[in-house]
Amino acid sequence: MSQTEATVVPFGAPKALTSGPLSRAVSFIALLARRKPMGFAGLLFIVLMVLVAAFPRVIATHDNPGATSVAPRFQSYCLGPRDTFLCPTVVERSALTGDRTVPGSLKQPFGTDSVGHDNYSRIVFGARWALYVGVGAVLISTTIALVVGLTSGYFLGKYDAAVQRVVDAVMALPTLVVLLALPAMIGKADLDGPLPFDEPSVTFFKLVVILGILGGAGGSRVIRASVISVRSAQYLDAARTIGATDGRIMLRHVLPNIFGALMVQATISLGGLILAEAALSFLGFGVVDPNKPTWGQMLNRAQQVASVHPWQAIWPGLFIALAVFSFNMLGDALRDLLDPRLRGARGGFG
Amino acid sequence: MPQFVLRRLVLSLPTLVIVSFLIFGMVRINPDSIVAARLGEGYTEDQAARIRDQYGLDEPVVTEYARWVGNILRGDWGESAYTFEPVLKEMGPKIAVTLELALFAIVFAVIIGLPVGVFSAMRQDQWPDYVLRTNAILGLSVPGFYVATVVLAILANQFSWIPDIRYHSFLDDPLGNLKQMWLPALILSLGTAASVMRYSRTMMLEVLRQDYIRTAWAKGLSERVVIFRHALKNAMLPVVTILGLTMAALVGGTVIFETLFGLPGLGRHLTGAVQRKDFVVIQGVTLFFAVAVVVINLIVDISYTVLDPRSRPQR
């Protein structure tokens, strides 16, 4: 068995490398599965999460987890046309005063929360918000990290010294503290959809931007370090000799060589960003709009009724942990496969 | 040596200045939101002008920043719009609570992480190592607030125990204080403990490969002496850095844990101020946290140099 593998791999690998990008991706994933099973498991969970986020209505048992429509709409009695006094539809506005929690069953595997939202459906829809936050913020943070890290590591000198002091300062700001403080100060009417609660809230977009900017500072350090490590390579000297401009060298010669580091940094910080949003929403300051059920927000609600229904807290927290764990594992695996020099670097937000 | 300390001190000054500017800038991003937050809907231009004057929103940024920094340095951090108390005076007793929580968490993290990491390194690639390492990765991935929520839910539901709402200060009631603090500190420490464990394992593995360890074995010393007298001492130093690195995350953690466990620390003070839109307090607490992180990193850097002669810059 091992002998056949040994003969197949050396012949298979170069063949795969010469063909198109798709088969190269496939062979990379195969390598991931073989060498880093935990990272591959992380990748599987992330793919699942993306699928769930892309088609929530197919997977969820209850449509649109908004404040007024996700509750299992049922007719307690029906003597005439629906939604009239003869056949009233019970929605949770009437239930806000009472506890509408339903424990898990075959029909509703995760049960419902205290206002009657189906937990399973909300977690399905929550995957989309988690990815919106994570991917949105990571796009911003990676762009910042790339621009700052690339120029800072390439030019060094006074420019680098000045930029690094700013990076120092941004990194000294505790993420969660700034996330709490900043939204309260910017924007006038922070109403994010219909808000039944008098809470300071932040529009989703602002939250993503702030997370991205804060994450970018830490990421730029990692990018800068890897730029410095390729900076003195001979091919850069060669490019300089033939008169390539700094911009061209950075984009055509440095960037491709730090691409692995960039991917690793993006993957690991994605988990951290999802976690940061969850922490903020858990405190009740992030996404408070019940039409946008993030996992952190669900955990916040679960915590309020924890003494009566302790199992409520299990599901949203489990999925936050699984998502963060998956991104961390995949990032670790990518780091080992793509760029061994980076071992030991850390993603943002602990 | 003193030269390095001086250099490091000088380097952290611009960082502090930029931090102060960022925090000052937070309020100035949208002055209208401050007026709106203080007065609510439908205010007269007169009232708005008074608020702008009170928060110094009318004057040029540079003048106002200089005055603000001057006041901060003199110990005048402004006055809460809610209680009308000086911000710094209000923060005083709360700093102690947060500091105690963070210190306990670090102590727990070291008590848990260090021995586990050392043991894991001693049994490298055997089953205890795998079990402990997997647990460490779990500790890094599972958010502390989730663990705390589940633990509190189980305690409340099964044992009818909820955190004490009254705060017992350490000076008045040391035992009550410890009783109140150990659980949040323990759960808060788990993430840091996992980092410490992973780091001390790596460091230990590195040290165990050194020549002087082989010499120690060759001399016929017992495992206990080799590990504790020769290896541990040298492996422990870099662990100090990881504590510094996790400090910012730990500070964020105290905010959540103070809220969950009802501890009257700075974090809960901050969430309260955010709810009341008490900008001067928000600004003050954020500034304090940020300066604390800068200072802690400074102390870690310097103590590291003092402890480890190899890391001193050779010139």
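The shown structure was predicted, so the numbers you read here are calculated from the model rather than taken from an experiment. Chain identifiers are assigned alphabetically (A, B, ...) following the order of the sequence lines, protein sequences preceding nucleic acid strands; residue numbering begins at 1 within each chain.
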Completion exercise
The interface call for A:Met38 against chain B, heavy-atom contacts under 4.5 Å, is neither

Completion exercise
Given A:Ala313, A:Pro316, A:Ser326, the one with more heavy-atom pairs under 4.5 angstrom with chain B than any other is A:Ala313

Practice task
Start with the C-alpha gap between A:Val177 and B:Phe288, add the side-chain angles, then the distance that decides, and say whether side chain to side chain contact (heavy atoms under 4.5 Å, CB included) holds.
Solution key: CA-CA 11 Å; A:Val177 172; B:Phe288 180 83; over 6 Å; no

Fill in the blank from the handout: Rounding to 0.5 Å, atoms CG (A:Leu275) and CZ (B:Phe145) come to a distance of 5.5 Å

Problem - Interchain contact, A:Leu318 with chain B, by part (heavy-atom threshold 4.5 Å) - result: both

Practice task
Select one option (side chain, backbone, both, neither) describing which atoms of B:Leu270 are under 4.5 Å from chain A's heavy atoms.
Solution key: side chain

Exercise for the section: Would you confirm whether B:Tyr146, through its side chain, and A:Ile320, through its main-chain N or O, come within 3.5 Å as a donor-acceptor pair? Expected result: no

Handout entry: Proximal component of A:Asp168, with respect to chain B [non-hydrogen, under 4.5 Å]
Key = both

Problem - Choice from B:Val294, B:Leu260, B:Val150 maximising heavy atom contacts with chain A below 4.5 Å - result: B:Leu260

Practice task
Answer yes or no: does atom CZ of A:Arg35 have more than 12 heavy-atom neighbours from other residues, nucleotides or ligands under 6.0 Å?
Solution key: no

Completion exercise
Counting heavy-atom pairs under 4.5 Å with chain A, the top scorer among B:Leu22, B:Leu287, B:Thr192, B:Thr202 is B:Leu22

Completion exercise
So CE of A:Met171 and CG of B:Asn297: to nearest 0.5 Å the spacing works out to 8.5 Å

Problem - Region of A:Ala278 in contact with chain B, defined by heavy-atom distances below 4.5 Å - result: both

Fill in the blank from the handout: If you tally heavy-atom pairs under 4.5 Å between each of A:Ala161, A:Ala169, A:Gly271, A:Gly296 and chain B, the highest tally belongs to A:Ala169

Fill in the blank from the handout: When the 4.5 angstrom heavy-atom criterion is applied to A:Phe282 and chain B, the contacting part is side chain

Completion exercise
Tightest non-hydrogen contact, residues B:Ile256 and A:Ala279, listed as CD1-CB, 3.8 Å

Practice task
Go through A:Val324, A:Asn328, A:Ile314 and name the one with the most non-hydrogen pairs under 4.5 angstrom from chain B.
Solution key: A:Ile314

Exercise for the section: Among the options A:Val178, A:Leu299, A:Val167, pick out the one with the most heavy-atom pairs lying under 4.5 Å from chain B. Expected result: A:Leu299

Handout entry: A:Arg165: which of B:Leu11, B:Val19, B:Val17 passes side chain to side chain contact (heavy atoms under 4.5 Å, CB included)
Key = B:Leu11

Completion exercise
On a heavy-atom basis, the closest approach of B:Val293 and A:Ala172 is CB-O, 3.5 Å

Handout entry: B:Thr271, part contacting chain A, at a heavy-atom distance under 4.5 Å
Key = both

